[in-house]
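Structure, as structure tokens:
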Amino acid sequence: MKTISCMNIDTELLRSFDGEIKEYKKGEIIFREGDHALYYFQIEEGKVKLNNYNDDGKEFIQNIFGKNQSFGDSMLFLEKFYPINAICLEGSKIIRVPKNNFLELLRIHPEISLGMNACLSQRLYYKILMTQNMSSTNPVLRLKGLMEYLKSYYEDDCQHCFHIELTRQQIANLTGLRVETVIRVLKRMEKESLLKIVNRKILY
DNA sequence: TCATTAATCGAAG
DNA sequence: CTTCGATTAATGA
């Protein structure tokens, strides 16, 4: 069973609505917690993480997006401040469309607007599943929850061949576990054939 | 090769 | 499960 995967919007179309491509270096901040949501962002190249820090200073990653994915859209239809930071994990090219232009684009292209609804809907659905799994005290469930979540962004659903392209530290920051715990639990899961590990790469 | 970053491990709490 | 300390592997200049 697979749902429609999220579409990305044509670059030229975004450009015709004053979309501009910006290049960011690794580690550069695209927006930070507390900023107003003023743009629609779509990744042309690179990777971006959305994170925040708890009061102990421990990083918690909300999500990591890659090529052709958009991010921060959930705040686009509200007058709110971002509750998270967006930081580049590598050199990236990102197209940025001013909010009002983007809303105009949606008015003129209803099919894109509908597609976006489908996309937001799907993300919300998996986010709920993710949240449920993350509230578990069982680390295996947290890791499985995260991997299912990541897998939901891609259509292919073969067994143990989806490459989790995250470092163990990033997985730890996404699940609220410690790196060592992630490593140990991952190995245990491999023994139970819940996943495969080849050259340190995680295949789920 | 040197330095930096990520992955591992073992022991203790 | 987390923390600490220490080692080893991988990557890049």
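Convention: sequence-line order gives letters A, B, ...; per-chain numbering from 1.
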*Calculate the interatomic distance between A:Ile164 atom CD1 and B:dA6 atom P; express it in whole Å.*
18 Å

*Quickly work out the A:Leu186 CG to B:dC9 P distance and round it to whole Å.*
12 Å

*Going by an N to O cut-off under 4.0 Å, is there a salt bridge joining A:Glu59 and A:Lys49?*
yes

_I need the CG-C1' distance between A:Asn173 and B:dA6, as an integer number of Å._
13 Å

_Aromatic contact, A:Phe162 with A:Tyr204 (centres under 6.0 Å)_ = no

*For the pair made of CZ in A:Arg184 and P in C:dC4, what is the distance, rounded to whole Å?*
14 Å

*Mind checking A:Lys58 for me? I need base, sugar-phosphate or nothing, with any heavy atom below 4.0 Å counting as a touch.*
nothing

*Take the protein atom CD of A:Glu180 and the nucleotide atom P of C:dA6, then report the distance between them rounded to whole Å.*
14 Å

_Length of the line joining A:Arg178:CZ and B:dT8:C1', which is rounded to integer Å_ = 17 Å

*Report yes if at least one side-chain N or O of A:Lys187 is closer than 4.0 Å to OP1 or OP2 of B:dC9; otherwise report no.*
yes

*Strictly under 6.0 Å, is that where the ring centroids of A:Tyr39 and A:Phe31 end up?*
no

*May I ask you to check whether A:Tyr53 and A:Asn85 show a side-chain donor-acceptor distance below 3.5 Å?*
no

*Touch check for A:Thr167, heavy atoms < 4.0 angstrom, all strands: base, sugar-phosphate only, or nothing?*
sugar-phosphate

_Considering every strand and a 4.0 Å limit on heavy-atom distances, what is the contact class for A:Val182: base, sugar-phosphate, or nothing?_
nothing

*A:Ile183 CD1 to C:dT3 C1': how many Å, rounded?*
14 Å

_Rounded to whole Å, how long is the line connecting atom NZ of A:Lys26 with atom P of C:dT11?_
13 Å

